[in-house]
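Numbered from 1 within each chain, the chains take letters A, B, ... in sequence-line order. Remember, predicted model here, so these are calculated numbers, not experimental data.
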Amino acid sequence: MNLTQPTTTGPRNDIRLYTLLASVPEGKVVTYGQLAELIGLPRRARWVGQILKQLPNDTRLPWHRVINAQGRISLPPLNGGDEQAKRLREEGVVVSQDGKISLRRYGWKTQPRPRPRLL
DNA sequence: TCCGTGACAAGAC
DNA sequence: CGTCTTGCCACGG
């Protein structure tokens, strides 16, 4: 078996993903791609989505803090999307009515806007 | 094995 | 902004 390439399947990376996700602080959001990259699996954003999809409904993990790179909720409104927006708002994240979220302000590990010099 | 599908991403316009 | 296209990769039929 090829051990030189990072594997995607199997519980190993799943655990790494869960662990990382669990560390995303309240009031912050991450993108699928970021999560994948942070655990050493670049370009596996879709895989992250697959894993999250399988989470039990009563999971304690902050799945709602995961959004797409466009700063939008990827979940259909009637299938979790509304719930996600609700949870995010409950922790202070501003979600515009059309489901847009500012990654600049709420993105985890993303540069907060460089403060403009006042003179 | 080929092919479509998906909680994605980035770039062109 | 929106829409399209391409690239990506795991899965399942």
Side-chain angles (χ1 to χ4, degrees):
Chain A
M1 89 191 299
N2 183 356
L3 298 176
T4 68
Q5 289 294 98
T7 63
T8 316
T9 57
R12 304 208 319 277
N13 289 305
D14 294 35
I15 301 301
R16 305 229 301 147
L17 176 59
Y18 299 146
T19 305
L20 179 62
L21 176 55
S23 70
V24 178
E26 183 179 327
K28 291 291 182 181
V29 294
V30 245
T31 69
Y32 298 90
Q34 281 175 36
L35 288 177
E37 189 152 281
L38 287 172
I39 63 174
L41 296 175
R43 294 179 298 288
R44 305 295 159 85
R46 306 189 79 134
W47 166 76
V48 172
Q50 290 185 70
I51 299 302
L52 297 191
K53 180 172 54 177
Q54 296 167 17
L55 288 175
N57 302 313
D58 61 357
T59 181
R60 206 159 53 74
L61 291 174
W63 57 270
H64 58 283
R65 297 182 189 140
V66 187
I67 62 179
N68 64 34
Q70 280 65 54
R72 317 180 113 289
I73 287 177
S74 285
L75 220 44
L78 299 181
N79 186 28
D82 289 337
E83 174 64 17
Q84 181 169 11
K86 173 175 171 259
R87 293 198 184 194
L88 285 174
R89 292 187 173 115
E90 284 176 353
E91 38 188 77
V93 175
V94 173
V95 183
S96 68
Q97 187 144 24
D98 56 322
K100 178 73 175 175
I101 297 162
S102 169
L103 277 171
R104 180 139 73 200
R105 300 187 209 208
Y106 305 108
W108 186 45
K109 293 178 181 266
T110 64
Q111 281 304 45
R113 168 209 305 224
R115 171 181 283 259
R117 291 257 45 143
L118 305 178
L119 301 192

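Across the protein-nucleic acid pair, A:Gln54 atom CD and C:dG12 atom P stand 9 Å apart, rounded to whole Å. Whole-Å rounding puts the A:Leu61 CG to B:dA7 P distance at 19 Å. One atom, NZ of A:Lys53, and another, C1' of B:dC8, lie 12 Å apart when rounded to the nearest Å. Whole-Å rounding puts the A:Glu37 CD to C:dC9 P distance at 13 Å. Atom-to-atom, CG of A:Leu41 to P of C:dC8 comes out at 16 Å; the value is rounded to the nearest Å. Taking atom CZ of residue A:Arg46 and atom P of nucleotide C:dG12, one finds them 15 Å apart after rounding to whole Å. Rounded to whole angstrom, the span from the CG atom of A:Asn79 across to the P atom of B:dG6 amounts to 12 Å. Rounded to whole Å, the distance from CD1 on A:Ile51 to P on B:dC8 is 14 Å.
Among the nucleotides B:dC8, C:dA10, B:dA7, the one closest to any side-chain atom of A:Ala45 is B:dC8. Which of B:dA7, B:dA9, C:dA10 sits closest to the side chain of A:Trp63 comes down to B:dA7.
For the pair A:Arg16/A:Leu41, no side-chain contact is recorded, criterion being any heavy-atom separation below 4.5 Å from C-beta on. With contacts defined as side-chain heavy-atom distances shorter than 4.5 Å, the pair A:Gln84/A:Trp63 qualifies.
At C:dC9, none of the side-chain N or O atoms of A:Thr8 fall inside 4.0 Å of OP1 or OP2 (strictly under the cut-off). Phosphate contact (OP1/OP2 of C:dA10, side-chain N/O of A:Thr9, threshold under 4.0 Å): absent. The shortest distance between the side-chain N/O atoms of A:Arg44 and the OP1/OP2 oxygens of C:dA10 is below 4.0 Å.
No salt bridge links A:Arg87 with A:Glu91; every basic N to acidic carboxylate O contact stays at or beyond 4.0 Å.
The residue among A:Trp47 and A:Gln34 whose nearest nucleotide of DNA chain B lies closer to the 5′ end is A:Trp47. For the pair A:Gln50 and A:Gln70, both in contact range of DNA chain B, the more 5′-proximal nearest nucleotide belongs to A:Gln50.
A side chain to side chain contact (heavy atoms under 4.5 Å, CB included) with A:Val29 is found for exactly one of A:Ile73, A:Val95, A:Ile67, namely A:Ile67.
In this model, no side-chain donor or acceptor of A:Arg43 finds a partner on the base of C:dC8 within 3.5 Å.
At least one donor-acceptor pair under 3.5 Å links the side chain of A:Lys100 to the backbone N or O of A:Gln70.
A distance of about 22 Å separates the C1' atoms of B:dA7 and C:dG13, rounded to the whole Å.
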